Number of protein chains: 2
Amino acid sequence: MKAPRQADVARLAGVSQSAVSRVVSGDIDRIPEETQERIRAAVKELGYVPNAAARNLRNKRNRLLGVHTFESVFPHAREDFYFEFLLGIEERAEEIGYDLVLFTSTGTSDGRRRIYRDGTNRLNLADGTVLLGAATDREELARLWHDGYLFVHIGRREVAGAEIPCIIPDYVSAADSLVASLAERGHRHFAYLRSGIEQEAYADRRAGYRNAIERLGLHDRSPGYRGEPELTEEWLDELAAGPETAVVAENIGLAEQLRTGLAARGLSIPADVSVAVLEGSGDEPGHRWDCLVIPRKEIGRIAIDALVARVENPDAEPVSQLVACDLVAGETVAAPRVEE
Amino acid sequence: MKAPRQADVARLAGVSQSAVSRVVSGDIDRIPEETQERIRAAVKELGYVPNAAARNLRNKRNRLLGVHTFESVFPHAREDFYFEFLLGIEERAEEIGYDLVLFTSTGTSDGRRRIYRDGTNRLNLADGTVLLGAATDREELARLWHDGYLFVHIGRREVAGAEIPCIIPDYVSAADSLVASLAERGHRHFAYLRSGIEQEAYADRRAGYRNAIERLGLHDRSPGYRGEPELTEEWLDELAAGPETAVVAENIGLAEQLRTGLAARGLSIPADVSVAVLEGSGDEPGHRWDCLVIPRKEIGRIAIDALVARVENPDAEPVSQLVACDLVAGETVAAPRVEE
DNA sequence: TTGAAAGCGTTACCAG
DNA sequence: CTGGTAACGCTTTCAA
C-alpha cells in the first residue's frame with residue numbers, strides 16, 4: 001500500500017527508471033510509441049503519482065507561490081482590506097496554473113506574523129511570494145531581500161539598501177488628478193487634512209497633492225499642507241471664515257470629523273465646502289464621498305504576474321510597477337460657492 | 001550569491017555536516033556547547049536557511065495542509081459558503097503551526113477544479129488535505145481514497161467501497177429537534193417541503209425529519225414527505241384547507257415560495273401556519289426564518305484537527321465526526337391556530 | 001534508443 | 001560525542 005516510485009513502474013514495464021521519468025514528465029521525443037504505452041500502462045496499474053518533494057529538490061521549482069500577510073488573512077478579508085487582493089491573486093494563479101501557499105504557520109502570540117522564526121524561513125517552500133500588508137515588517141523585508149529571496153510587495157515600501165519590487169497604487173497621480181479636477185470646477189483655495197500616519201502610501205498622496213497645488217498655482221494655508229496633522233477647533237474656525245472652498249482629506253475618518261466640525265459652524269458639504277477623500281470609501285453608510293478607488297483585484301493579478309515573471313526568469317531585474325487608481329464621483333464635491 | 005547549504009556551514013565551522021544538521025534541527029542533546037556556538041555563528045555568517053524541499057524529501061512531512069475546493073474559493077467566500085469554513089481552517093492552522101496550500105492550479109476551463117490531471121495529483125504536495133465542496137467529484141474522491149491519500153472532507157459524502165472521513169453537520173439531529181420543538185409548541189400536523197437536490201446533506205435532513213415525525217406520532221401527508229419535491233398550486237390548496245399547522249422547508253427558497261403561495265390564499269406566517277427552515281438563513285433580507293445554523297467556523301477547525309491527527313499518527317483509523325447545529329428562533333414559528 | 005549513475009540538500013543510522 | 005555514509009525519489013547527462 002506504499003506509494004509506488006518510478007523504480008517500481010520501471011520494473012513492471014521492464015524498462016529503466018529514466019525512461020519512466022521521461023515519459024512521466026513529457027520528454028518523450030526519443031522514446032518509441034510502444035515503450036511509452038507500456039510505461040503508461042504500468043503507471044496506471046500501480047497508480048503511480050510523482051513525488052512532489054523529490055521533484056522540487058531536483059527542479060528547484062514548485063509551481064507554488066506564497067502569500068504572506070503580516071496578520072491573518074481571513075478575518076480581515078471580511079473587512080475588505082486583503083480580500084480583493086486575494087481575489088485577484090487566486091484568479092490569476094489559477095489561470096496560469098500555480099498553487100498558492102498561505103503562510104499561516106508563522107503566527108506569534110500577538111497575532112503578528114513573522115517570516116523568520118528561529119532562523120528558518122518557511123517562505124522558501126514557494127518559488128516566490130507575494131507579501132502584502134499594511135503592517136509589513138521592514139527588517140524582515142530587508143533580510144529577505146538580502147537573502148536573495150524572490151518576492152514582490154503589494155504597496156510601496158522603502159528599505160535602505162534594498163530595492164524592493166513593489167506593486168504600487170499610484171497615489172501620486174491620483175491625488176494630483178483629484179486636485180486638478182477640483183481646480184477645473186473652479187476651486188482655488190484648498191485645505192489638506194493629514195492623518196498621523198507616516199507611511200509611503202501617505203507620503204505619495206502628499207507628494208501628489210503638493211505637485212498639483214504648485215503646478216496649478218493654487219493656494220493652501222492649512223496645517224495639513226505644512227505637515228501638521230491637526231484638525232483643531234481653532235483651525236476649523238479659520239477654515240469657516242477663510243477663502244477655502246475645497247478640502248482634501250487623507251481618509252474617511254478625517255472627512256467625517258470635518259463634516260461634523262463644519263456642521264457645527266453652519267456649513268454643509270458640498271454646498272459651502274467641497275470635500276474629496278484620498279481613500280476608497282467602498283459602500284460605507286452615510287454620504288458617498290468623492291474619492292479614489294484602488295483597483296485591488298487588478299493589483300493582485302499584477303503582483304502574481306510580476307512574481308511569476310521573475311520566477312520564470314530569475315535574471316530579470318526586479319522592478320516596481322505603478323497601478324493607476326480611479327477617481328469616483330460622490331456627492332461631496334460641487335462648484336465653489338460664489339464669493340461676492 | 002547562491003543559497004548556502006549545510007556543507008558550507010560545516011566547512012566554515014570546521015565540523016561535519018551531520019553536526020550542522022543536528023544543531024539546525026534542534027537535536028543538540030549530545031553536542032558540546034562550544035561546537036554549537038561555532039555552528040550557529042557560521043549559520044548566521046552565511047545566512048544559511050534550511051532547504052524545505054530537501055527536508056520534505058527526507059522527512060515525508062511538510063507542515064503543509066492542503067485546502068481543495070472544487071470551485072474557486074474567494075468569489076464564493078464572499079457569498080459566505082466557503083468563507084466561514086476557511087476562517088476556522090486558517091485560524092486553527094495558525095494555532096498549531098501549519099501552513100496552508102490552496103490548490104488553485106487545477107482549474108479547468110469550465111471553472112471546476114480537478115484533483116487528478118494528466119495523472120498527477122498535486123495534492124500530495126501537502127501532508128494532507130481538507131476537501132470542501134458542495135460540488136465534490138465522487139470519482140476523484142474514490143480514487144484519492146484508494147491511493148491512500150490523507151484527507152478529510154467537509155460535509156458527508158458516501159462513496160461505494162471507500163470509507164471517507166467526513167466532518168458532518170448533524171442535520172439528522174437538527175431536523176429532529178426542529179420537529180420536536182414544533183411539536184412541543186402543539187403542532188401535530190406537518191408538511192415537508194423537499195427540494196430537488198439529492199445529496200447526503202439532504203438525505204440527512206429527511207431522515208431526521210422522518211424520525212421525529214414517527215417517533216412523536218405526528219402526521220404528514222405532504223408530497224415532500226412521500227418523496228416528491230412538489231410545491232404545486234393544487235397542493236397549496238390542499239394545505240390551505242387541510243389540518244397542517246407547521247411546515248418544514250429544506251431551504252429558504254422553498255420557504256419563500258410557500259409564503260407567496262399562502263399569501264395568495266389569505267394565509268400568513270406564522271399566524272396561520274408556522275414555518276421552519278433546514279438551512280441557515282444568515283442575515284438575509286425579509287423575515288427572519290426559524291432555522292438551523294451550521295457552525296461553519298468550528299467545522300473548519302475540527303477538520304484541521306482531524307486531519308492533523310491523522311497526519312501525525314497515520315495508523316489512526318479515519319473516522320467521521322458529527323458536529324451539532326444550533327437552532328435559532330426567528331419570526332416564523334408560533335403556536336398552532338386553535339382548531340375548535 | 002536506452003540505461004547507469006551522479007547528484008539535489010537533508011536526516012539518521014552506526015561505526016569510530 | 002562525532003563524523004562518515006546511505007538513503008529519500010526524481011531528473012539529466014553521458015556512454016553504451
Side-chain angles (χ1 to χ4, degrees), chain A residues 2-40 42-43 46-64 118-122 124-125 127 147-148 314, chain B residues 2-39 42-43 46-64 119-122 124-125 127 147-148 314:
Chain A
K2 269 197 53 195
R5 298 152 304 152
Q6 285 187 349
D8 303 318
V9 177
R11 205 171 311 121
L12 180 62
V15 297
S16 80
Q17 197 195 127
S18 35
V20 176
S21 172
R22 286 186 188 118
V23 170
V24 167
S25 47
D27 176 15
I28 47 179
D29 284 359
R30 359 183 274 175
I31 291 185
E33 267 302 324
E34 197 262 335
T35 312
Q36 289 185 38
E37 288 312 313
R38 249 183 346 185
I39 293 179
R40 271 191 266 271
V43 163
L46 262 36
Y48 166 80
V49 164
N51 175 306
R55 279 199 158 161
N56 300 344
L57 182 55
R58 252 331 284 223
N59 299 338
K60 276 92 162 39
R61 286 289 162 68
N62 262 213
R63 296 196 79 77
L64 207 51
D118 48 52
T120 317
N121 166 6
R122 288 278 297 171
N124 62 15
L125 242 170
D127 297 345
D147 283 358
Chain B
K2 267 196 59 194
R5 297 152 304 151
Q6 285 185 350
D8 303 319
V9 177
R11 203 170 314 121
L12 180 61
V15 297
S16 81
Q17 200 192 126
S18 30
V20 176
S21 173
R22 284 187 188 115
V23 170
V24 167
S25 47
D27 177 15
I28 45 178
D29 285 357
R30 5 185 267 178
I31 290 185
E33 266 302 325
E34 197 263 334
T35 311
Q36 289 184 37
E37 289 311 314
R38 248 189 345 198
I39 292 180
V43 162
L46 262 36
Y48 166 81
V49 165
N51 175 307
R55 281 198 156 161
N56 300 342
L57 181 56
R58 253 330 290 219
N59 299 338
K60 275 95 169 27
R61 286 289 161 68
N62 261 213
R63 296 196 79 79
L64 207 53
T120 317
N121 166 6
R122 287 279 296 174
N124 62 15
L125 243 168
D127 297 345
D147 283 359

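Numbers restart at 1 for each chain; the letters A, B, ... are given by sequence-line order, proteins then strands. This one's a predicted model, so the numbers in the text were calculated from it and none came from an experiment.
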Check: Nearest of D:dG3, C:dG3, C:dT10 to any side-chain atom of B:V15?
Finding: D:dG3
Notebook entry, point to check: Are any side-chain N or O atoms of A:N62 and backbone N or O atoms of A:N56, one a donor and one an acceptor, separated by less than 3.5 Å?
Noted result: no
Over all heavy atoms of both residues, which pair between [X] and [Y] is shortest? Give the atoms and the distance, please.
X	Y	result
A:A13	A:A42	CB-CB, 3.9 Å
B:Y48	B:Q6	OH-CG, 3.2 Å
B:Q36	B:V23	CG-CG2, 4.1 Å
B:V24	B:P50	CG1-CG, 4.2 Å
B:R5	B:D8	N-OD2, 2.8 Å

Notebook entry, point to check: Measuring from A:N124:CG to B:R55:CZ, what's the distance to the nearest 0.5 Å?
Noted result: 9.5 Å
Nearest-angstrom distance from the residue atom [atom1] of [X] to [atom2] of [N]:
X	N	atom1	atom2	value
B:L46	C:dG9	CG	P	14 Å
B:N51	C:dG7	CG	P	18 Å
A:E33	C:dT1	CD	P	12 Å
A:N124	C:dT10	CG	C1'	13 Å
A:L57	C:dT10	CG	P	9 Å
A:R61	D:dG9	CZ	P	24 Å
B:N56	D:dC10	CG	P	14 Å
B:Q36	D:dC1	CD	P	11 Å

Check: Angle, rounded to 10°, between the helical axes spanning five pairs at each terminus of the helix from C:dT1-D:dA16 to C:dG16-D:dC1?
Finding: 50°
Item checked: Closest-nucleotide 5' rank along DNA chain D - winner of A:Q6 and B:T35 -> B:T35
Next item on the list: Using the closest heavy atom to pick a nucleotide of DNA chain D for each, name whichever of B:I31 or B:A54 lands nearer the 5' end.
Entry: B:I31
Next item on the list: Report yes if a side-chain nitrogen or oxygen of B:K60 is closer than 4.0 Å to either non-bridging phosphate oxygen (OP1 or OP2) of D:dG9; otherwise report no.
Entry: yes
Checklist line | C:dT10 phosphate, OP1 or OP2, under 4.0 Å from B:R5 side-chain N/O | finding: no
Atom pairs under 3.5 Å, N or O on each side, protein against nucleotides 12-16 of chain C: can you list them with distances?
{"residue": "C:dC13", "atom": "N4", "partner": "B:R22", "partner atom": "NH2", "Å": "2.9"}

Check: Do A:R122 and B:L64 touch side chain to side chain, with heavy atoms closer than 4.5 Å?
Finding: yes
Next item on the list: Taking the side chain as every heavy atom from C-beta outward, state whether B:V20 and B:V15 have any pair of such atoms under 4.5 Å apart.
Entry: yes
